[in-house]
Amino acid sequence: MTDGSVLSRRRARAMLNAQPVDEDRGYGYGIYRVRLPSTAAVYGHRGGTPGFSCLGLTTDTGRTIVLYQNSLDTALTLDWNNPFTTATLP
């Protein structure tokens, strides 16, 4: 998406130009920048509705993970820093 094949490079840069939300997170146009203990920064988005939640993350080096969770408990959402992201994004 950021190589110009889907969006123009200018729009992709705007999405990745995250403004600080707090010490570990920033937000661009629909994309979060998150600092995880295992890597410098990842970019992605998460969301869900009652019954499921999902999380998609990618690194600057092109490693991408997508997590999907079924749950009827809306309090059980996928956190940015979970065992799966820390194990797969060294």
Side-chain angles (χ1 to χ4, degrees):
M1 181 171 72
T2 59
D3 66 359
S5 61
V6 176
L7 299 173
S8 70
R9 291 184 188 273
R10 182 178 65 85
R11 291 193 190 271
R13 277 193 307 274
M15 289 178 71
L16 299 178
N17 184 20
Q19 302 303 308
V21 173
D22 59 30
E23 185 177 302
D24 295 322
R25 294 179 303 142
Y27 188 72
Y29 290 108
I31 301 291
Y32 280 96
R33 181 186 66 229
V34 181
R35 296 204 180 280
L36 299 175
S38 60
T39 187
V42 294
Y43 298 89
H45 195 85
R46 71 179 184 173
T49 62
F52 84 96
S53 62
C54 62
L55 170 67
L57 297 171
T58 191
T59 65
D60 286 333
T61 60
R63 181 171 246 184
T64 300
I65 63 168
V66 176
L67 301 174
Y68 179 86
Q69 171 184 330
N70 290 324
S71 174
L72 295 177
D73 187 345
T74 58
L76 294 175
T77 59
L78 286 167
D79 190 26
W80 297 104
N81 189 15
N82 65 65
F84 299 107
T85 57
T86 55
T88 57
L89 299 172

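Below, each value reflects all heavy atoms present in this structure, side chains not excepted, and no hydrogens, waters or symmetry copies.
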For Arg46, give me all partners under salt bridge (charged side-chain N to carboxylate O under 4.0 Å, His left out), at least two apart in sequence or on another chain. Asp79

Determine whether Leu55 and Val66 make a side-chain contact, defined as any pair of heavy atoms from C-beta on separated by less than 4.5 Å. no

Less than 4.5 Å apart, any side-chain heavy atom of Ile65 and any of Val42? no

Output the distance between atom CG (Leu57) and atom OG1 (Thr85), rounded to the nearest 0.5 Å. 6.5 Å

Restricting to non-hydrogen atoms, name the atom on Ala18 and the atom on Arg33 that form the minimum distance, rounded to 0.1 Å. O-NH1, 3.4 Å

Below 30° counts as parallel, above 60° as perpendicular, anything between as tilted: where do the rings of Tyr32 and His45 land? tilted

Taking only residues two or more places apart in sequence, or in another chain, which ones meet Tyr43 in a ring-ring contact (aromatic ring centres under 6.0 Å, His included)? none

